[in-house]
Enquirer: 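Have a look at this one.
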Amino acid sequence: MIKFLDLNSQYHQIKRDIDLAIEQVISESAFIGGEFVDAFETSFAEFQKAQFCVGVANGTDALEIAIEALALPSNSEIIVPANSFIASAEAVTRSGHKVVFCDANQEDYTINIADLKRRLTSRTAAIVAVHLYGHPCDMDAVMDTAQERGLKVIEDCAQAHGAEYKGRRVGAIGDIGCFSFYPGKNLGGYGDGGAIVTNDEKLAEKCRMIANHGRKAKYDHEFEGRNSRLDGLQAAILKVKLNHLEAWTERRIQIANQYLEQLSNSSGIRLPVRKEWARQVYHLFVIRTKCRGELSAALSSKGIQTGVHYPIALPKLNAFRYLAQGDEHMFANESGDTLLSLPIGEHLSDEDVALVTAAVKEFFD
Ligand SMILES: *Cc1c(COP(=O)(O)O)cnc(C)c1O
C-alpha cells in the first residue's frame, strides 16, 4: 500500500518528543496562551523569516482575521485565484467583501498575472496570492501590480510552509501571510491550528487583538473581536514538528525531482513546472491527464492512493453560484476533470516512488 498521507508513521518517528511535549503542556496547564504558544510563534516567525507571528485557531481564521485587520473599505473587490481551497474565497465574503475570481496559469497553477490585471477595477482593494501546491506565486509581478494600484496583498501560505520566491520565504513578501496547521499540511498539528505572519508590527498587534476579543489586557476590550487562538497543546506539538520540517521538505523536493525525471518522457500526462525562481515545497504533486478517472482507478488497483485538488473550481461551486462567474472561459474552470495528485511526503521511499512511476507508465503503454 502506498499511502497518500501517513501521519501515523510520522508520529512514530518522533513519538518520544511529541509525548513529552504533550505531557509538559498538561502538567503545566498551559492550555491557552502561555510559554508554549509564545515559543512556537517565535520559532515559526524565525522559520518564515518574518518579524511577527500570531497563532490563531486555523488557516481559514488566519485569512479572515488578516483581511479584517487590513480594514479595507466595505464591499471592496478582492481578487482570488479560481483554483484553490474554498477558504481562500470564503474569508473574503465572510469579511464583507466581494470575490472576483481570476485564472490560474497552466504551468505551476498559481495566479495568472495577465488575467489578474484584466480583473482590476476601481473597487479592487486587495489580492489573495495563493501559493498553491507549495509553489510560490510570481510575487514581483503581484507586488508591482499591487503597488501601481495601491492594493494590499494577502499571501495564502496554507500549502507553502518554507516555500521561497527568489530566495525569500513566503508570508512576509506581501502585507500579511496566512498559514494553516491542519494535520495534513506540510506542517500540521494534531487538530486545527493556524498562524499569521507579517513584518508590520501594528498589523500584527491588530490581528492579535481581533483573535482575542479585541483586548490588550484581561477584561479591557478596545473593540469587538472574536476568539481564535492557537492552543498550547497544538503549539507544543508544532514546535517539535518544526524541528523536522526542513528535512521533510527536502525529502518532498527529492521525491518531486524523481517524479519529474522518471515521468519526463511519458505521453498522456502534463507534469507541473517549477519556475527557476521557486523553492516549491510540494504540498501536492499535481499532474494533468485526460484519463484522470481511469488512471486513478489503475493506480488504486495497485494499492497506490491518489487525490484530486480540486475537482470543482471555486467559481463553479454551488456556494459561489450567486457570483455567476462559473461559466467563464478560463483554464481553472476547465481543468478540474484532469488534475490528479500523486502521493508525496517523507513517508515514501525511493522504491515507492519508482512503483508509482512504473504504474503510471504502464497505464499509458
Ligand atoms: C487548508 C487551506 C486553507 C484553510 O486552512 P484550515 O486550517 O483548514 O482552515 C486555506 N487555504 C488553502 C489554500 C488551504 O489549502
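Atoms within each ligand, like the ligands themselves, are counted from 1 in listed order.
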Enquirer: For ligand 1, which atoms sit closer than 4.0 Å to a heavy atom of Ser88?
Expert: 11 (N), 13 (C)
Enquirer: Within ligand 1, which atoms have a heavy atom of Ala158 less than 4.0 Å away?
Expert: 2 (C), 3 (C), 10 (C), 11 (N), 12 (C), 14 (C), 15 (O)
Enquirer: Between Arg119 and Asn112, do the side chains contain an N or O donor and an N or O acceptor separated by less than 3.5 Å?
Expert: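 No pair is found: no donor N or O on one side chain lies under 3.5 Å from an acceptor on the other.
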Enquirer: Are any of the N or O atoms of Gly59 closer than 3.5 Å to those of ligand 1?
Expert: yes
Enquirer: Return the residue, atom name and 0.1 Å-rounded distance of the protein heavy atom closest to atom 4 (C) of ligand 1.
Expert: Thr60 OG1, 3.6 Å
Enquirer: Under a 4.0 Å heavy-atom limit, does Lys185 contact ligand 1 with its side chain, its backbone, both, or neither?
Expert: side chain
Enquirer: Determine whether the side chain, the backbone, both or neither of Asp156 has a heavy atom under 4.0 Å from any heavy atom of ligand 1.
Expert: side chain
Enquirer: Less than 4.5 Å apart, side chain to side chain, heavy atoms only: is that true for Ile253 and Arg274?
Expert: yes
Enquirer: Calculate, to the nearest 0.5 Å, the distance between atoms CD and CD belonging to Glu346 and Glu250 respectively.
Expert: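 Rounded to the nearest 0.5 Å, the CD-CD separation comes to 13.0 Å.
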Enquirer: With heavy-atom distances below 4.0 Å as the criterion, list the atoms of ligand 1 near Gln159.
Expert: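 Listed by number with element, the hits are 13 (C), 15 (O).
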Enquirer: For atom NZ of Lys166, decide whether the heavy atoms of other residues, nucleotides or ligands shown that lie under 6.0 angstrom number more than 12.
Expert: yes
Enquirer: Could you tell me whether Ala62 approaches ligand 1 through its side chain, its backbone, both or neither, with non-hydrogen atoms closer than 4.0 Å?
Expert: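 Under 4.0 Å from ligand 1, Ala62 contributes no heavy atoms.
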Enquirer: So, are Asp220 and Lys216 salt-bridged, with charged N and O less than 4.0 Å apart?
Expert: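 No.
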Enquirer: Considering only NZ, NE, NH1 and NH2 on the basic side and carboxylate oxygens on the acidic side, decide whether Asp350 and Arg251 come within less than 4.0 Å.
Expert: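 A salt bridge links Asp350 with Arg251.
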Enquirer: Going by the order shown, which atoms of ligand 1 are within less than 4.0 Å of some heavy atom of Ser84?
Expert: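 This gives 13 (C) as the contact atoms.
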Enquirer: Are there over 12 heavy-atom neighbours, none belonging to Arg215, within less than 6.0 Å of that residue's CZ?
Expert: yes
